[in-house]
Each structure stands twice: as C-alpha cells, then as structure tokens.
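Computed over heavy atoms, backbone and side chain alike; hydrogens, waters and symmetry mates excluded. None of these values were measured; they are calculated from a predicted model.
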Amino acid sequence: MNPSVSTKTAQPNRDSNLNRESCIARDKADPLAFARARFFLPDNTIYLDGNSLGARPHAALARLDAAIRDDWGKHLIQSWNTADWVNLPQRVGDKIAPLIGASVGEVLVADSTSVNLFKLLAGVLSLPEVANDPSRQIILSERDNFPTDLYIAEGVNKMLGNRYRLKLVSGEELQSALDSSVAALLVTQVDYRTGRVHNMDELNRAAARCGTHVIWDLSHSAGALPVQLNQDGATFAVGCGYKYFNGGPGAPGYLYVHRDWQTRLSTPLSGWFGHAAPFTFVPQYTPAENISRFQCGTPSVLATIALDAGVDTFADISMSHLREKSLALTDLFWQLADTHLSSFGFQCVAPREHVLRGSQLSFAHHNAYAIMQAIIDRGVIGDFRRPNLLRFGFTPLYTRFVDCFDAIMIIRDVMQSGVWQSEKYQHQHAVT
Ligand SMILES: Cc1ncc(COP(=O)(O)O)c(C=O)c1O
C-alpha cells in the first residue's frame with residue numbers, strides 16, 4: 001500500500017440515494033467548500049479540466065496588477081531587490097515544498113517541467129558513478145508515460161552520444177524491469193490518461209536496491225493528493241505549475257532535489273542564475289551550493305507571481321481533507337456515470353481501488369472527441385486524450401458534488417439527443 005495516499009476508504013463508496021439534493025447536502029457539509037471562493041469560475045460552466053489548466057485564483061489578478069503597476073511600473077529595475085524578485089523562484093519553491101512532502105530549500109520554481117526533467121536527467125547521467133559504470137546502460141520508463149518525458153530522455157541520451165538505451169515497459173512491469181543495468185528510472189506518479197497512481201515508496205526502495213536513480217514527475221499528483229517525497233525516499237522530482245497548482249497557462253514548473261544531492265548533481269544548463277554569485281560577472285562558472293544551482297537564466301517574474309497566487313490557494317488546506325474529497329468526487333461521478341451513461345457505451349478506465357486512483361476519471365468511447373466537443377458546448381469542460389478518452393479532472397478546491405451531478409445529466413442529455421453527431425463537433429482542434 002502506498003503510504004503517500006490516503007487509504008481511509010480502500011474501496012469506492014457507493015451511495016444508493018443519489019439525487020441532486022443529496023449532492024447539495026454533501027456540498028454543505030464539505031470542509032473544503034470555503035476554498036471555492038478563492039477562484040474565478042465563469043457562470044454556466046462546470047470546469048472539470050483543472051488537471052490540465054487550473055482555474056484562475058482571484059488573487060492572481062490583484063497580484064499581477066500590483067506587480068505590473070507598482071513593482072515594474074514605478075520601481076522598475078529596483079524591484080529585483082525591493083520586491084525581492086531575485087529570490088522569487090526559491091520563495092515559491094518553499095511554499096510548494098510542504099505540499100509535496102519536501103523541506104524548505106529543496107524545491108525551486110524554474111523553466112518548464114520538460115526543461116527541469118532535462119536538467120535532472122542529464123545531471124543524474126553525468127554523475128561519475130553512473131557515467132563511468134559501463135554496465136549502467138538503461139534509462140527505464142513507462143511506455144504510456146507522458147510523451148515529453150520520453151522525448152526528453154531521447155534528447156538527453158543523444159546529447160550523451162547514445163550511450164544509453166531507453167527501455168519502455170508497462171506500468172506494471174516497471175519494478176520487475178529494475179536491475180543494476182538501469183541508470184535512471186523516469187516515472188510519472190499519476191498516469192495522465194488513466195489516473196493510475198504509482199507507489200512511490202515501493203518503487204524508490206526497489207530502485208535503491210539496484211543503485212538506480214529515480215526522477216519522479218509529479219505533474220498529475222502534486223496538489224491532487226498527498227505526496228511525501230522525503231518520507232518515501234525520493235531524491236529527484238519535477239512537476240507542473242499550471243495544473244493543480246493553478247499558476248496560469250504556461251506557468252513555470254518546479255524541481256525538487258533532496259538536500260543531500262544538491263551539491264553532487266550538476267546541471268548541463270549552467271546559466272548565470274545558477275552561479276554562486278551571479279553579479280560578480282566572473283568568466284568562470286561556479287555553481288551555487290544549494291537548490292539555486294538548478295536555475296538557468298533570468299526567472300520569468302510575472303509568471304512566477306501568478307504561480308505564487310496559485311500555490312497560495314492551498315493555504316489552510318488539509319491534504320487529507322483534499323484527498324478524501326477527491327476520492328468522494330470521483331466515486332460520485334463514476335457511480336453516476338455507471339447509472340446514466342453506461343448504456344451509451346462509456347467505459348471508465350480508472351482504477352477502482354482508491355489507493356491506485358488519482359484525481360481524474362477517463363472514459364473510453366468510440367466517439368470520445370465529438371462527444372467532448374458537444375458537452376463543452378453545453379458548459380461541461382473536460383478534455384480528449386488519444387486514442388479514445390474523455391478525461392475529467394476533479395480539483396477538490398473548487399469542484400462541488402453538485403457539479404458532478406449536473407455534468408452527468410448534461411452528458412446524458414447530449415447522448416440522448418445525439419447532438420454530438422453534428423458536423424461541427426467532428427473537426428479536431430490543435431489543442432484537444
Ligand atoms: C506528466 C506530464 N509531464 C510533463 C508535462 C508537460 O510539461 P511542460 O510544462 O514542459 O509542457 C505534462 C503536461 O501535461 C504532463 O502531463
């Protein structure tokens with residue numbers, strides 16, 4: 001069992017008395033209900049895509065307005081000092097740290113998830129004990145991992161003269177594929193399609209027995225369920241700022257490096273912001289002796305301020321309440337879907353067991369794309385993932401139980417009316 005994940009109810013709760021009133025009653029009793037007021041949510045919209053782009057916190061507007069008007073507008077370049085822009089990536093990293101079970105000084109906001117993964121993977125593969133051991137030939141990952149992780153592994157390997165081989169297996173096979181030939185394991189804790197959760201503690205232990213370094217991608221787990229990096233023996237991780245952390249489109253990502261590894265790992269992107277003393281402007285690179293060494297160039301200040309406002313939406317939130325609500329929302333949605341949608345051919349592909357389930361549900365359907373477009377037109381926003389999935393994310397900070405009920409009724413209506421067959425829903429947009 002994964003100790004990172006609440007197992008309060010090991011199996012789904014099934015409520016035999018499901019109607020709109022009972023959902024409203026659950027919202028009234030919800031200890032996290034207060035958090036919804038922290039977000040702007042448009043009228044007539046049920047937003048079930050916060051796992052892809054978190055909703056906008058009210059505070060983001062005010063924070064950006066002040067930063068643009070006053071700090072940038074009036075105080076100009078002095079704001080690097082007066083508004084402490086220079087330490088913003090570390091300060092926001094320190095706010096993310098307790099949400100992912102890390103300590104202060106172990107998390108840095110920087111670049112994108114992809115770039116952070118590049119930095120950490122290249123760093124791991126350049127460690128002398130890895131680079132100088134000819135028997136360590138494998139970079140291991142999951143075939144269904146999010147593609148950018150696999151593309152980055154390919155790119156890093158190419159940069160290192162194809163010294164390694166990228167071995168891809170199913171999620172179930174990851175642990176058995178670990179042996180002393182594996183230099184690095186790249187693993188995304190929650191699968192972006194099915195929502196299946198990997199057991200962090202177990203995989204870290206198995207990897208440690210083989211001397212393999214693990215880099216976790218927390219993009220679909222951080223802010224969605226309790227993550228315990230330190231407790232579960234994790235040394236390296238990356239994650240997204242724009243999903244559950246509500247940092248806005250293209251928000252910077254973050255990286256975690258356990259304190260013991262910060263001075264041992266070097267980044268290939270040795271830019272001046274990772275220098276021990278950037279403003280001495282010396283020609284030789286000397287990396288900072290802490291997490292700051294994983295910065296590259298000038299941080300994206302406005303985007304990091306928006307992310308700061310996003311991370312602040314977690315203030316006073318109990319992660320165990322968050323997890324309980326997340327599971328209750330997915331249980332409810334799934335049960336309603338079983339009742340109202342299964343006759344239309346919807347097949348849920350998420351794990352039934354709570355311990356294996358993230359904060360999303362995906363349903364396989366032959367006509368998933370067109371159906372998703374039709375329900376988006378009716379105000380229920382999820383997304384489509386190839387080959388045939390309608391994906392719905394449940395962000396416990398602002399999703400209500402009644403939203404689940406109303407969404408299912410709208411989807412049922414779309415199916416009963418056949419409106420999804422309209423020509424206008426068949427055309428695939430660039431972003432799905
Ligand atoms: C697991 C995972 N990793 C990484 C990314 C994307 O990273 P980036 O912010 O670099 O585009 C995503 C995006 O959805 C993701 O799901």
Side-chain angles (χ1 to χ4, degrees), residues 12 14 18 44-53 142-151 168-173 188 190-197 219-220 224 243 326-327 329-353 356-395 399 403-432:
R14 299 194 74 82
L18 278 186
N44 302 319
T45 299
I46 299 173
Y47 192 57
L48 301 178
D49 216 358
N51 54 321
S52 213
L53 172 66
E142 198 175 329
R143 200 170 294 115
D144 288 335
N145 199 349
F146 190 78
T148 203
D149 296 37
L150 306 181
Y151 303 160
L168 302 180
V169 299
S170 72
E172 293 67 37
E173 290 165 331
T188 296
V190 172
D191 184 277
Y192 77 104
R193 276 190 283 231
T194 64
R196 188 246 28 250
V197 182
S219 294
H220 293 279
K243 299 180 191 293
S326 157
L327 291 170
L329 288 166
T330 51
D331 276 348
L332 172 67
F333 196 87
W334 197 337
Q335 190 179 349
L336 287 164
D338 275 352
T339 310
H340 300 285
L341 303 181
S342 52
S343 62
F344 297 107
F346 285 71
Q347 185 81 39
C348 191
V349 300
R352 277 273 176 206
E353 303 91 318
L356 295 177
R357 194 191 308 162
S359 201
Q360 63 179 72
L361 292 179
S362 292
F363 295 84
H365 195 287
H366 286 315
N367 303 106
Y369 184 81
I371 295 167
M372 183 53 79
Q373 297 314 299
I375 68 175
I376 288 173
D377 232 10
R378 295 278 311 272
V380 177
I381 302 185
D383 55 27
F384 165 77
R385 284 295 173 265
R386 284 183 182 279
N388 62 344
L389 296 177
L390 295 107
R391 187 177 70 159
F392 301 97
F394 300 85
T395 44
T399 305
D403 294 330
C404 296
F405 187 89
D406 291 344
I408 291 285
M409 293 303 121
I410 289 170
I411 301 169
R412 184 180 68 171
D413 211 43
V414 161
M415 297 313 294
Q416 274 171 347
S417 67
V419 64
W420 61 270
Q421 293 173 62
S422 158
E423 187 56 35
K424 66 178 173 175
Y425 299 132
Q426 314 305 316
H427 166 72
Q428 291 222 1
H429 298 291
V431 176
T432 63

> Any side-chain heavy-atom pair from His220 and Ser359 closer than 4.5 angstrom?
Replying inline: no

> Would you say Gln335's side chain and Leu332's backbone share a donor-acceptor pair under 3.5 angstrom?
Replying inline: no

>> Strictly distance-based, threshold 3.5 Å: is any side-chain N or O of Ser417 a donor or acceptor partner for the main-chain N or O of Val419?
In response: yes

> Okay, side chain of Thr330, backbone of Leu327: is any donor-acceptor separation there less than 3.5 Å?
Replying inline: yes

> When you look at Arg357 and Val190, which way does the side-chain contact (heavy atoms from CB on, under 4.5 Å) test go after all the steps?
Replying inline: CA-CA 8 Å; Arg357 194 191 308 162; Val190 172; over 6 Å; no

>> Taking Ile411's backbone N and O only, do any of them form a donor-acceptor pair with Arg378's side chain (distance below 3.5 Å, no angle check)?
In response: no

> If you measure from OG1 on Thr148 to OH on Tyr151, what distance do you get to the nearest 0.5 Å?
Replying inline: 8.0 Å

> Should Ser422 and Gln373 be marked as a side-chain contact (heavy atoms from CB on, under 4.5 Å) after you check the CA-CA gap, both sets of side-chain angles, and the distance that decides it?
Replying inline: CA-CA 10 Å; Ser422 158; Gln373 297 314 299; over 6 Å; no

>> Ignoring hydrogens, what is the shortest heavy-atom contact between Cys348 and Leu361? Give both atom names and the distance.
In response: SG-CD2, 4.1 Å

> So, do Phe346 and Leu390 sit near enough that their side-chain heavy atoms are less than 4.5 Å apart?
Replying inline: yes

>> Just verifying a value: how many Å separate Asp383 CG and Leu53 CG, rounded to the nearest 0.5 Å?
In response: 10.5 Å

> What are the two closest non-hydrogen atoms of Ala364 and Val349, and how far apart are they?
Replying inline: CB-CG1, 4.1 Å

> What is the minimum heavy-atom distance between Ile376 and Ile381, and which atoms define it?
Replying inline: CG1-CA, 4.1 Å

> Stepwise, does the side-chain contact (heavy atoms from CB on, under 4.5 Å) test hold for Val380 with Leu48?
Replying inline: CA-CA 7 Å; Val380 177; Leu48 301 178; 4.2 Å; yes

>> For a quick check under 3.5 Å, do Ser362 and Arg385 share a side-chain donor-acceptor pair by atom type?
In response: no

>> Tell me whether the rings of Phe146 and Tyr192 are parallel (<30°), tilted (30 to 60°) or perpendicular (>60°).
In response: perpendicular

> Is atom CD of Glu423 surrounded by more than 12 heavy atoms (other residues, nucleotides or ligands) closer than 6.0 Å?
Replying inline: no

> In Å and rounded to the nearest 0.5 Å, what is the CZ to CZ distance from Phe405 to Phe333?
Replying inline: 12.0 Å

>> For His429, give me all partners under ring-ring contact (aromatic ring centres under 6.0 Å, His included), at least two apart in sequence or on another chain.
In response: His427

> Parallel, tilted or perpendicular for Phe384 and Tyr369, by the 30°/60° rule?
Replying inline: perpendicular

>> Can you tell me how far apart CE (Met415) and CD1 (Ile408) are? Round to the nearest 0.5 Å.
In response: 11.5 Å

> Under 3.5 Å, is there a donor-acceptor pair between the side chain of Gln426 and the main chain of Trp420?
Replying inline: yes

>> So does Ala370 get a backbone contact from the side chain of Asn367, meaning a donor-acceptor N/O pair under 3.5 Å?
In response: no

> What pair of heavy atoms forms the shortest contact from Glu142 to Arg196, and how long is it?
Replying inline: OE2-NH1, 3.2 Å

>> If I take atom CD1 from residue Ile46 and atom CG from residue Asp403, how far apart are they, to the nearest 0.5 angstrom?
In response: 5.5 Å

> If you round to the nearest 0.5 Å, how far is CD1 of Ile410 from CG of Asp377?
Replying inline: 11.5 Å

> Shortest non-hydrogen contact from Arg386 to Arg193?
Replying inline: O-NH1, 3.1 Å

> If you take all heavy atoms of Cys404 and Phe394, which pair is closest and at what distance?
Replying inline: SG-CE2, 3.9 Å

>> Main chain of Phe344, side chain of His365: is a donor-acceptor contact present, judged purely on distance under 3.5 Å?
In response: yes

> In chain order, what residues pass the salt bridge (Lys or Arg N to Asp or Glu O under 4.0 Å) check against Asp149, with sequence neighbours excluded?
Replying inline: none

>> Strictly by side-chain hydrogen bond (donor to acceptor under 3.5 Å, both in side chains), give each pair with a member in residues 340-349 just once, sequence neighbours left out.
In response: His340-Arg412

> Just wondering, do Leu168 and Leu150 contact through their side chains at under 4.5 Å, heavy atoms?
Replying inline: yes

>> For a side-chain contact (heavy atoms from CB on, under 4.5 Å) check, start with the C-alpha distance between Tyr425 and Met372, then their side-chain angles and the critical distance, and finish with the verdict.
In response: CA-CA 8 Å; Tyr425 299 132; Met372 183 53 79; over 6 Å; no

